[in-house]
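To keep things clear, I will list the structure first and then write my remarks on it.
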Amino acid sequence: MGALLFEMSPAEWEAVSLSLKVGLWSTLLSLPLGFCLAYVLARVHFPLKSLLSGFVYMPLVLPPVVTGLILLLLFGTRGPIGGFLQDTLGIVIAFKWEGAALAAAIMGLPLMVRAMRLSIEAVDQRLEVAARTLGAGWWWSFLTVTLPLSLPGIIAGAILSFAKSFGEFGATITFVSNIPGETRTLPIAIYSFLQAPGGEGPAIRLAVLSVAVSMVAIIGSEWMERRIVNRAKA
Amino acid sequence: MSFDVDIEARRGDFTITAAFQVAPGLTALFGPSGAGKTSILNMIAGVVTPSQGRIAVDGHVLFDSAAKVDLKPNHRRVGYIFQDARLFPHMSVEANLLYGHKLTDGAARYAAPDHVIELLGIAELLDRRPASLSGGEQQRVAIGRAILSSPRLLLMDEPLASLDDARKQEILPYIERLRDDVKIPILYVTHARAEVDRLAGAVITLEKGRVASVK
């Protein structure tokens, strides 16, 4: 692994660091939204709830190129949201790394929400009732009972979202294209290397790195999920 | 100190109508399963809302449908000990005990941690996690936790029902000491005659959602 990293060219490093940046930002961006969605799906009952979960989980089954196309139509400079952002705030995210982070966040959201939802559902609501009778308001009971008890799922969800974002390909390349240093993340760099003669070496190096990151993420999130199960038993 | 309950609640085709008064000391709310005992405790604690009626402790109105008063559970200062101890699994015994104590206004606190810990014999357990305690120890900690929130009234919902006979005998003396130590009314739900005879100064018998007798 050390020798592998030692041999990496500047172009490969650029792709890896861009993927790290995109992964971190997309995870941070989706954490608050993901948790709110997970809480609502776990606890609140309302009509058309299946429609909401349908939207959240859709990127899991939709062809990624379709998700990318939808993002392009909405957030492109001529799209309703992208045009508004450009006109009022001067922000353009299409073909920028920020757009890559948005695409990655959308693609990672289902994994994040699923892990968080399971852990919130595992919290015994009778403990919250106990907290309330001891003088805790809704928020205090949420902060001191619900949140810490669902923390393993929140961490597992964040890890999965990061890993997905780190390697997201289809929606990203459709929405923000393949611009070296701006939107050429790790998987897009692998794809580009494979298009050129003699690119197998770098492609395989990046692929090995990608496998390692995914493996660590899966093991980490499984470990967190086991903690949820153990706590539910205790 | 005493408290007054006069409530009506409909649960499908089952109606609970209960009016009674509880004085300081331990009053048993006695009756077969399904008589509505736990529902009445939940309404007093503010976990379930009655259809109509009035609940007041010592002049403080907790619920009054006519005056549209319905205090949240955290504003009622009603201690609640559940059949399952419901200790917070991610906190030490000490943190559990002090959870409500810290949330109680300084002027309203009458229960001192050292005294309650001594009374219930749980000094040795303070650093432990709830999962490592026996059922009886858990229930003693739960009792301490509720008392340390300095409630105006204490509800106990079959606190011995999930324990075996040996554990019951272990806890009963502590409940007696508690009853004699605190000056607040305790409403103790049970369907066990032996517990009523041993603990209760007064008995309210409930049958099919109605008060059948008060002694």
Side-chain angles (χ1 to χ4, degrees), chain A residues 31 35 38-40 42-46 115-159 220-234, chain B residues 38 41-48 62 71-91 95-106 108-109 111 128-133 138 141-157:
Chain A
L31 262 173
F35 185 79
Y39 188 88
V40 167
R43 286 290 178 82
V44 187
H45 300 284
F46 56 96
M116 289 181 175
R117 178 183 183 170
L118 288 175
S119 74
I120 295 168
E121 281 171 349
V123 175
D124 188 345
Q125 283 179 261
R126 293 173 309 167
L127 293 174
E128 296 166 8
V129 170
R132 298 298 305 276
T133 66
L134 290 165
W138 187 89
W139 271 105
W140 191 247
S141 143
F142 174 80
L143 287 174
T144 58
V145 177
T146 322
L147 200 59
L149 286 176
S150 53
L151 198 60
I154 296 171
I155 296 171
I159 294 173
S221 65
E222 291 259 297
W223 188 68
M224 283 293 165
E225 275 164 18
R226 263 202 306 282
R227 291 192 52 166
I228 303 172
V229 176
N230 289 342
R231 192 168 268 173
K233 277 185 205 154
Chain B
T38 300
L41 291 199
N42 283 338
M43 287 187 266
I44 296 169
V47 180
V48 169
L62 307 183
L71 294 188
K72 298 248 186 304
N74 46 312
H75 293 139
R76 293 195 174 203
R77 296 193 53 211
V78 170
Y80 200 156
I81 292 150
F82 307 92
Q83 186 174 336
D84 47 339
R86 299 198 197 178
L87 297 179
F88 304 124
H90 56 303
M91 298 180 195
N96 268 282
L97 285 169
L98 296 178
Y99 188 88
H101 188 70
K102 287 180 178 161
L103 290 166
T104 310
D105 194 43
R109 284 181 189 163
R128 307 248 304 261
R129 287 287 174 134
S132 75
L133 306 182
Q138 289 189 16
V141 174
I143 291 170
R145 182 177 69 170
I147 284 295
L148 281 171
S149 68
S150 296
R152 291 195 196 106
L153 129 84
L154 192 60
L155 306 173
M156 301 180 89
D157 186 11

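Naming convention: chains lettered A, B, ... in sequence-line order (proteins, then strands); numbering from 1 in each chain. Computed over heavy atoms, backbone and side chain alike; hydrogens, waters and symmetry mates excluded.
The structure places CZ of B/Phe82 at 4.5 Å from OG1 of A/Thr133, a figure rounded to the nearest 0.5 Å. We find the CZ-CG distance between B/Arg145 and A/Leu134 to be 5.0 Å, quoted to the nearest 0.5 Å. With values rounded to the nearest 0.5 angstrom, B/Met91 atom CE is found 5.0 Å from A/Thr144 atom OG1.
Of all the heavy atoms in B/Asn74 and A/Ala136, the pair that sits closest is CB-O, 3.2 Å. For the pair B/Phe88 and A/Val145, the tightest heavy-atom approach, listed with the atom from each and the gap, is CE2-CG2, 3.8 Å. The minimum heavy-atom distance linking A/Leu149 with B/Pro89 is given by the pair CD2-CG, 3.8 Å.
Checked by atom type and distance alone, the side chain of A/Arg126 never pairs as donor or acceptor with a backbone atom of B/Arg86 at under 3.5 Å.
Contact count against chain A (heavy-atom pairs under 4.5 Å) is highest for B/Asp84 among B/Ile81, B/Thr104, B/Asp84, B/Leu155.
For A/Trp138, the CH2 atom sits in a packed shell: over 12 heavy atoms of surrounding residues, nucleotides or ligands are nearer than 6.0 Å.
The shortest distance between side-chain heavy atoms of A/Val129 and B/Pro73 does not fall below 4.5 Å.
When heavy atoms are compared at a cutoff of 4.5 Å, B/Leu148 does not approach chain A at all. When heavy atoms are compared at a cutoff of 4.5 Å, B/Val47 approaches chain A solely by way of its side chain, counted from C-beta outward.
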